[in-house]
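In what follows, a single structure is set out as structure tokens and then discussed.
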2 protein chains.
Amino acid sequence: MKAMMQKKANQAHLTSQLKVSCDTCSLSELCLPRGLSKEDLNKLDHLIERPRSHDANTLIYQPGDKFTGFYAVRSGGVKTYLTKKTGEQQILGFHLPGEVFGLDGLENSKQRCYAAAMENTSYCILPHEELDSLCAVIPELRSQVYHIMGHEMNCDHAHLLLLGQQTAHERLATFLLSISSRFKKRGFSATSFVLPMSRHDIAGYLGIAVETVSRLFKSFQEQGIIKINRKQVDILDLDKLNEMVANCEEPK
Amino acid sequence: MKAMMQKKANQAHLTSQLKVSCDTCSLSELCLPRGLSKEDLNKLDHLIERPRSHDANTLIYQPGDKFTGFYAVRSGGVKTYLTKKTGEQQILGFHLPGEVFGLDGLENSKQRCYAAAMENTSYCILPHEELDSLCAVIPELRSQVYHIMGHEMNCDHAHLLLLGQQTAHERLATFLLSISSRFKKRGFSATSFVLPMSRHDIAGYLGIAVETVSRLFKSFQEQGIIKINRKQVDILDLDKLNEMVANCEEPK
DNA sequence: CGCTTGATTGATTTGAGTCAATCCCAGTGG
DNA sequence: CCACTGGGATTGACTCAAATCAATCAAGCG
């Protein structure tokens with residue numbers, strides 16, 4: 001199994017031939033370049049290693065690896081996670097195109113968690129040293145880096161609230177809404193989409209058992225809230241979902 | 001109740017008369033100044049608003065407040081938290097002297113969570129704009145800012161693992177070890193200390209009920225692992241505690 | 001010295017986990 | 001082209017860890 005994963009990871013990919021600049025990247029408004037002038041964007045563009053590619057279920061990095069820089073998903077999907085000795089994975093986050101991951105390495109220049117591609121995935125790397133130097137001279141880039149880090153932290157905090165205070169069905173509803181709104185932001189349907197992750201990963205993210213995920217999906221379907229077939233999800237009653245998670249006090 | 005909290009918060013404090021520079025602050029090796037030259041330290045020192053003070057159980061900021069900058073605890077203790085509509089608090093973190101909080105405001109210049117003093121607390125504020133400008137010219141300061149942010153994220157990730165995968169007794173053991181090692185780092189005893197937070201807050205941090213916290217403390221005591229009386233904790237068997245949490249795969 | 005608030009203890013309930021079969025599809029190879 | 005197969009997903013039966021409900025108990029305070 002491990003050998004197979006390694007073999008896959010080492011394959012050359014067609015996508016690695018692609019040359020795409022931030023300038024023309026459809027994700028730039030969601031990604032690090034957001035808010036930069038054309039000139040500054042150009043500087044950023046030159047230091048990016050891209051695109052790299054990983055097959056489904058292959059590791060991108062793991063704890064102890066040297067921290068290379070920020071990773072930005074271009075296509076596919078990535079999960080970051082920690083594990084218990086017993087093997088259970090706590091998924092820390094799912095990362096969709098335009099989203100950044102790898103910030104866990106900032107503390108001491110070593111990655112602290114695992115990152116794995118959930119499907120065939122391509123991504124850019126922004127080497128940290130070069131990015132840092134550029135930050136010194138482009139205030140807008142610093143702002144954007146702060147913004148992204150702050151966003152990551154707030155996502156983690158929402159996740160903590162979910163794991164610490166929400167029931168299993170609230171968790172699943174929150175999860176569906178999060179995926180839905182993120183697909184929407186990327187120009188896809190908010191109510192009909194294909195989940196990029198397995199039931200196992202959903203369970204790992206929500207801190208519940210796979211069987212519970214299965215049962216809850218079924219229950220949601222029976223209530224007419226969603227229609228689900230394998231990874232194909234159709235949200236039939238978005239209001240009901242929102243109602244279910246309307247428990248986290250919103251800032252006024 | 002609210003009125004009382006407000007009144008307390010508005011009182012002038014003796015500590016606010018104190019003038020302490022980073023230079024002579026015993027916490028500087030744990031705090032933002034770490035790794036800065038004397039000259040750079042001086043620049044940093046000039047932009048710090050300090051010291052501010054809050055009485056026990058008073059709010060320092062809340063969701064929607066304007067993001068002012070990084071907060072560094074000087075004495076006392078602070079909790080940051082989110083709440084459900086129903087009132088339950090999910091504690092995001094406990095912040096001891098020398099620790100930084102308030103980074104949740106980085107995403108969009110508004111605070112996203114609550115911060116409250118758990119006891120009479122003094123702290124410094126590092127205004128964000130000034131700190132950012134200084135970051136442009138002091139690479140070491142940028143490094144330290146990255147380090148602190150990375151550390152925050154990794155703390156949150158460990159917290160996610162705790163909430164998602166650990167049993168109630170593993171959670172409490174993890175919590176005790178975390179507090180112990182942080183006190184130790186500050187030059188206090190690792191095995192005998194006074195908890196700065198209530199049972200309610202511990203429960204809120206660990207995602208379990210207060211009653212469970214109480215029962216577990218009792219159970220730990222009966223097993224000879226700790227001795228506990230109200231907030232006074234004596235750890236009798238540190239190895240046993242470590243054994244209980246030896247479940248998170250360590251980076252090799 | 002009563003009062004309020006936090007902590008403890010006990011009795012009972014329950015949401016979600018665990019264990020154990022299937023089921024079902026995607027991919028493989030004949 | 002279709003049978004085979006292995007891993008993910010589903011379903012059901014049963015268990016249990018922790019929540020909830022309900023009294024005390026203890027301590028700090030006005």
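Just so we're clear, the structure is a prediction, and the values are computed from it rather than from any experiment. The chains referred to below are lettered A, B, ... by the order of the sequence lines, with proteins before strands, and numbering in each begins at 1. All values below come from the heavy atoms of this structure, side chains included, with hydrogens, waters and symmetry mates left out.
- A nucleotide of DNA chain D counts as in contact with chain B when one of its atoms lies under 4.0 Å from a heavy atom; the first and last such, 5' to 3', are dA18(D) to dA27(D).
- One finds a salt bridge joining E170(B) and K84(A) here, because a Lys/Arg side-chain nitrogen approaches an Asp/Glu carboxylate oxygen to under 4.0 Å.
- Within the structure, salt bridge (charged side-chain N to carboxylate O under 4.0 Å, His left out) contacts touching residues 187-211 of chain B (residues at least two apart or in different chains) are K79(B)-D201(B).
- Of all nucleotides in DNA chain C having an atom under 4.0 Å from a heavy atom of chain B, the first and last in 5' to 3' order are dA7(C) to dA11(C).
- Counting only heavy atoms from C-beta outward, the side chains of I235(B) and L238(B) approach each other to under 4.5 Å.
- Residue pairs meeting the salt bridge (charged side-chain N to carboxylate O under 4.0 Å, His left out) criterion with at least one member in residues 174-195 of chain A, sequence neighbours excluded, are E99(A)-R182(A), E99(A)-R186(A).
- Only one option out of Y71(B), Y114(B), F67(B) pairs with Y61(B) in a ring-ring contact (aromatic ring centres under 6.0 Å, His included); it is Y71(B).
- Atom-to-atom distance recorded for Q165(B):CD and R171(B):CZ is 9.5 Å, nearest 0.5 angstrom.
- Residues L241(A) and D237(A) have side chains not in contact (no heavy-atom distance under 4.5 Å, counting atoms from C-beta outward).
- The closest side-chain heavy-atom distance from L92(A) to C113(A) is below 4.5 Å.
- Contact check for V194(A) versus V233(A): no side-chain heavy atoms found under the 4.5 Å cut-off.
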For residues 217-224 of chain A, which side-chain N or O atoms pair as donor and acceptor with protein atoms under 3.5 Å away, sequence neighbours left out?
unit_1, atom_1, unit_2, atom_2, d
S219(A), OG, Q223(A), NE2, 3.0
Q221(A), OE1, I228(A), N, 2.8
Q223(A), NE2, S219(A), O, 3.4

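- Against DNA chain D, the stretch residues 198-216 of chain B makes heavy-atom approaches under 4.0 Å through G207(B), I208(B), A209(B), E211(B), T212(B), R215(B).
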